[in-house]
Structure formats: C-alpha cells, structure tokens
Amino acid sequence: EGCSLSHVQFPSVWSEGGKSIQFEQFRIRYNEMLDNRGVGCAKCNTNLPPGDLSWIGERIVQNFTCYECLKHFCITCTNDDGEDVLGHCHNCKKGYCTDCQKSK
C-alpha cells in the first residue's frame, strides 16, 4: 500500500542555526504527506494539524505526536484529571502523552 512513514526525528543540534534548502524542502514535503493522510487525534479524532500549524515546525520536532507510543494528539484534549493529553519535555522539546509519562 502507501508509504508507512509516520514519524521522523532529527538531531537536536539541527534546531540551532540556519537550515539547508534541502532540509526545508523535505520538511515541506513531509508536512504535506501527513496532511494528505488526514491524520486525526487519537482521543477526539480531530484532523491534525489544526489551522496554520504544521507537523514539523521551526523547532524541527514532530508536533502532535507522542515520541514514545507515536500516537497523535491535538492540543486541546485533556485527560480525566484535566491535564493536557500531550505534554512537552522542557529539555528535549519532544511531546509525550500522559499514558507514556506515567509509565516512565
């Protein structure tokens, strides 16, 4: 069937300084590929990414994605305790869902 690529991870040092034209072209194509798949939030099924946001932005981390289980979540969903379902590590800037945070 189609491409199974659903997650990419880049070295954190790449977020520093300018990015090459080739990287920017890849980032644009990758964002378009995931947009075309119509990926939705694992909790509420809202299409991702919302509005003018992108899967991979300037921080070059994959947004709306838990880096542990690779499920996708929107930025508005909360768990039963009122916490955001997808939190972000302040050190590495990666997202982790509340289920995976609890298992660590």
Side-chain angles (χ1 to χ4, degrees):
E1 188 147 319
C3 176
S4 62
L5 180 64
S6 62
H7 178 79
V8 292
Q9 187 170 338
F10 302 102
S12 59
V13 296
W14 285 20
S15 64
E16 302 164 8
K19 298 178 189 59
S20 71
I21 292 171
Q22 293 88 353
F23 177 79
E24 287 300 318
Q25 290 172 340
F26 170 82
R27 187 177 69 83
I28 290 167
R29 287 193 313 269
Y30 183 75
N31 284 329
E32 288 173 349
M33 177 196 69
L34 288 178
D35 287 345
N36 290 336
R37 286 187 185 172
V39 177
C41 173
K43 183 168 182 177
C44 71
N45 208 31
T46 297
N47 279 344
L48 296 173
D52 292 336
L53 301 176
S54 60
W55 286 100
I56 298 178
E58 293 302 313
R59 297 179 303 145
I60 72 165
V61 295
Q62 186 161 328
N63 299 313
F64 316 106
T65 305
C66 173
Y67 270 63
E68 186 72 24
C69 67
L70 301 181
K71 291 180 182 174
H72 305 291
F73 297 97
C74 67
I75 55 178
T76 58
C77 278
T78 58
N79 63 14
D80 295 337
D81 297 327
E83 302 169 316
D84 291 340
V85 173
L86 190 64
H88 291 88
C89 174
H90 294 290
N91 293 327
C92 68
K93 309 296 185 214
K94 297 174 186 170
Y96 293 97
C97 70
T98 51
D99 289 341
C100 290
Q101 287 175 8
K102 290 176 186 173
S103 66
K104 285 189 163 206

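Any value given below was found using the heavy atoms of this structure, including those in side chains, with hydrogens, waters and symmetry copies removed.
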In one Ile/Leu/Val/Met/Phe/Trp/Tyr side-chain cluster, 4.5 Å: [X], [Y]:
{"X": "F23", "Y": "I28", "result": "no"}
{"X": "L5", "Y": "V39", "result": "yes"}
{"X": "L70", "Y": "I60", "result": "no"}

K94 side chain vs E68 backbone, donor-acceptor pair below 3.5 Å: no

Main-chain N/O of D81 paired to N79 side chain as donor or acceptor, under 3.5 Å: yes

E32 and R29 ion-paired at < 4.0 Å: no

Rounded at 0.5 Å granularity, tell me how far [atom1] in [X] sits from [atom2] in [Y].
{"X": "N45", "Y": "C74", "atom1": "CG", "atom2": "SG", "result": "10.0 Å"}
{"X": "D84", "Y": "C97", "atom1": "CG", "atom2": "SG", "result": "12.5 Å"}
{"X": "E83", "Y": "C77", "atom1": "CD", "atom2": "SG", "result": "13.5 Å"}

Atom NZ of K43 with >12 non-hydrogen neighbours under 6.0 angstrom: yes

V85: hydrophobic cluster co-members (side-chain, 4.5 Å): F73, L86

Return all side-chain donor-acceptor pairs below 3.5 angstrom for residues 48-56, not counting sequence neighbours, or 'none' if the list is empty.
residue : atom : partner : partner atom : Å
S54     : OG   : I56     : O            : 3.2
W55     : NE1  : D35     : OD1          : 3.3

From CA spacing to verdict: side chain to side chain contact (heavy atoms under 4.5 Å, CB included), R37, S6: CA-CA 10 Å; R37 286 187 185 172; S6 62; 4.0 Å; yes

Distance flag, aromatic centroids of Y67 and H7, threshold under 6.0 Å: yes

Closest non-hydrogen atom pair between L34 and Q62, with its separation: CD1-NE2, 3.9 Å

Atom of H72, atom of T65 and distance for their closest heavy-atom approach: ND1-OG1, 3.0 Å

